[in-house]
Novice: 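Would you mind keeping the following structure in view while I ask a few things?
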Amino acid sequence: MSDDDIVSTRDAPWLVVGWFTPDYRELAESLAFQLKAHGAPYHLFAKPKLESGWNTSRKPIVVLEAMNTYPGKTIILMDVDCRIRGDISLAANVEGDVGITVLARNMRRGRKKLQHWVAMECSSRVVVFKPTEGAHTFLERWSAQITRSSFNHDEHSMVWTYLSSPGVRFDYIKPQYSGREFDKMPGGVIVHDSAHNAQR
């Protein structure tokens with residue numbers, strides 16, 4: 001926990017957790033303003049920028065830090081370039097240990113019509129973690145998978161962790177809370193603006 005963190009908590013069984021580097025502080029402040037306007041408690045952790053590697057690889061570590069700081073609370077992990085359009089309290093209501101968004105699409109392989117693959121990805125824009133041992137186990141495995149992976153990418157590693165965690169109970173986040181792109185989810189309550197792509 002740092003004096004540079006952006007925090008507004010209250011007596012609620014859940015809170016939004018995110019993190020930001022100095023160059024993303026303006027986005028974090030904008031998200032905090034929107035969360036506060038809709039009555040959502042939050043803690044956005046200020047972190048130094050990494051010299052190398054994909055910054056979002058820190059996500060599981062930040063959630064584990066939040067779970068230690070707020071024991072017994074449900075954590076809604078959220079990218080700071082998400083946008084809030086209403087009450088998000090229902091996003092915390094997932095069954096099991098971890099609430100995720102799994103996306104899949106058909107991919108053709110070669111020229112033959114019957115040769116197809118299904119490409120799967122897990123979105124880490126919004127992920128819900130219950131205060132359970134299963135959620136804690138998933139986070140530790142996710143962090144370890146990122147470290148082992150040559151991609152050093154949180155979402156690639158999240159897929160493999162999801163597939164290799166049969167003892168963790170998963171539920172699916174409702175689409176309107178999943179952080180889809182704002183132009184693809186007109187009625188979304190939590191949407192995404194891909195600010196990092198524009199910044200890069």
Novice: Let me confirm one number: the OG1-CZ distance from Thr21 to Arg58, rounded to the nearest 0.5 Å.
Specialist: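 Going from the OG1 atom of Thr21 to the CZ atom of Arg58 covers 7.5 Å.
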
Novice: Quick check for you: to the nearest 0.5 Å, what is the distance between Arg148 atom CZ and Ser143 atom OG?
Specialist: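 These two atoms lie 9.5 Å from each other.
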
Novice: Minimum heavy-atom separation for Asp4 and Phe20, please, with both atom names.
Specialist: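 In terms of heavy atoms, the two residues are closest at O-CZ, 3.7 Å.
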
Novice: Could you check Ile75 against Val128 for side chain to side chain contact (heavy atoms under 4.5 Å, CB included), going step by step and ending with a plain yes or no?
Specialist: CA-CA 6 Å; Ile75 304 296; Val128 180; over 6 Å; no

Novice: For Glu133, is there any backbone N or O sitting under 3.5 Å from a side-chain donor or acceptor partner on Thr137?
Specialist: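 Here the side-chain-to-backbone pair exists.
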
Novice: How close do Val168 and Gly134 get, heavy atom to heavy atom, and via which atoms?
Specialist: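 So the minimum-distance heavy-atom pair works out to CG2-O, 3.6 Å.
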
Novice: How far does CD of Glu155 sit from NZ of Lys59, to the nearest 0.5 angstrom?
Specialist: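 Glu155 atom CD to Lys59 atom NZ measures 6.0 Å (nearest 0.5 Å).
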
Novice: In Å and rounded to the nearest 0.5 Å, what is the CG to CG distance from Asn93 to Asp171?
Specialist: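 Reported to 0.5 Å precision, the distance equals 10.0 Å.
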
Novice: Are the side chain of Lys130 and the backbone N or O of Ala92 linked by a donor-acceptor pair below 3.5 Å?
Specialist: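 Yes, Lys130 side chain to Ala92 backbone: donor-acceptor pair under 3.5 Å.
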
Novice: Checking Asp5 side chain against Ala46 main chain: does a donor-acceptor pair fall under 3.5 Å?
Specialist: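 Yes, the answer is positive, given that a donor and an acceptor are paired below the 3.5 Å cut-off.
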
Novice: State which residues pass side-chain contact (heavy atoms from CB on, under 4.5 Å) with Ala135; sequence neighbours excluded, sorted by chain then number.
Specialist: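 Partners of Ala135 under the side-chain contact (heavy atoms from CB on, under 4.5 Å) test: Met67, Asp97, Val98, Phe129, Thr132.
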
Novice: Among Ile88, Ile173, Thr101, Ile100, find the one that has a side chain to side chain contact (heavy atoms under 4.5 Å, CB included) with Val126.
Specialist: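 That would be Ile173; it is the only one of Ile88, Ile173, Thr101, Ile100 passing the side chain to side chain contact (heavy atoms under 4.5 Å, CB included) with Val126.
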
Novice: Quick check, are the ring centers of Phe138 and Tyr162 under 6.0 angstrom apart?
Specialist: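 Here the rings of Tyr162 and Phe138 have centres that are no less than 6.0 Å from each other.
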
Novice: A side-chain contact here means heavy atoms from C-beta on lying under 4.5 Å apart; do Trp14 and Lys73 qualify?
Specialist: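 Contact flag for Trp14/Lys73 side chains = no.
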
Novice: Does a side-chain heavy-atom distance below 4.5 Å link Ile190 with Gln176?
Specialist: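 With C-beta onward as the side chain, the pair stays apart.
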
Novice: Any heavy-atom pair between the side chains of Arg85 and Val191 that's under 4.5 Å?
Specialist: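 Sidechains of Arg85 and Val191: in contact.
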
Novice: Do the side chains of Glu181 and Arg83 get close enough for a salt bridge, i.e. N-O under 4.0 angstrom?
Specialist: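 So Glu181 does not pair with Arg83 through a salt bridge.
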
Novice: Kindly give the heavy-atom pair with the smallest separation between Ile76 and Ala91, and that separation in Å.
Specialist: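 Taking Ile76 first and Ala91 second, the nearest heavy atoms are CD1-CB, 4.1 Å.
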
Novice: For side chain to side chain contact (heavy atoms under 4.5 Å, CB included), just list the numbers for Phe170 and Ser165, CA-CA rounded to whole Å, side-chain angles, deciding distance to a tenth of an Å, and then say yes or no.
Specialist: CA-CA 10 Å; Phe170 294 97; Ser165 299; 4.2 Å; yes

Novice: Report yes if some heavy atom in the side chain of Thr9 is under 4.5 Å from a heavy atom in the side chain of Tyr70; otherwise report no.
Specialist: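 When only atoms from C-beta onward are counted, Tyr70 and Thr9 do touch, with a gap below 4.5 Å.
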
Novice: Could you state the interatomic distance from CD (Glu65) to CZ (Phe45), rounded to the nearest 0.5 Å?
Specialist: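 The CD atom of Glu65 sits 4.5 Å away from the CZ atom of Phe45.
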
Novice: To the nearest 0.5 Å, what is the distance between OG on Ser178 and NE2 on His192?
Specialist: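 Here the rounded value is 11.0 Å.
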
Novice: Tell me whether Arg125 is salt-bridged to Asp79, with the criterion being a basic N under 4.0 Å from an acidic carboxylate O.
Specialist: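 No, this pair does not count.
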
Novice: Would you call His136 and Glu140 a side-chain contact if the rule is heavy atoms closer than 4.5 Å?
Specialist: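 Sidechains of Glu140 and His136: in contact.
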
Novice: Report yes if some heavy atom in the side chain of Leu90 is under 4.5 Å from a heavy atom in the side chain of Lys174; otherwise report no.
Specialist: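 The answer is no, as the side chains (C-beta and beyond) never meet within the 4.5 Å cut-off.
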
Novice: Which pairs of donor and acceptor atoms, one on a side chain in residues 30-41, lie under 3.5 Å apart (sequence neighbours left out)?
Specialist:
residue	atom	partner	partner atom	Å
Ser30	OG	Gln34	NE2	3.2
Gln34	OE1	Ile84	N	2.8
Gln34	NE2	Ser30	O	3.3

Novice: Taking the side chain as every heavy atom from C-beta outward, state whether Ile6 and Tyr42 have any atom pair closer than 4.5 Å.
Specialist: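 Heavy-atom side-chain distance check passes, below 4.5 Å.
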
Novice: Taking the side chain as every heavy atom from C-beta outward, state whether Met158 and Val127 have any pair of such atoms under 4.5 Å apart.
Specialist: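 Yes; the side chains approach each other to less than 4.5 Å.
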
Novice: Please determine whether side-chain hydrogen bond (donor to acceptor under 3.5 Å, both in side chains) holds for the pair Asp154 and Ser124, giving the CA-CA distance in whole Å, both sets of side-chain angles, and the decisive distance to 0.1 Å.
Specialist: CA-CA 7 Å; Asp154 62 293; Ser124 64; 2.4 Å; yes

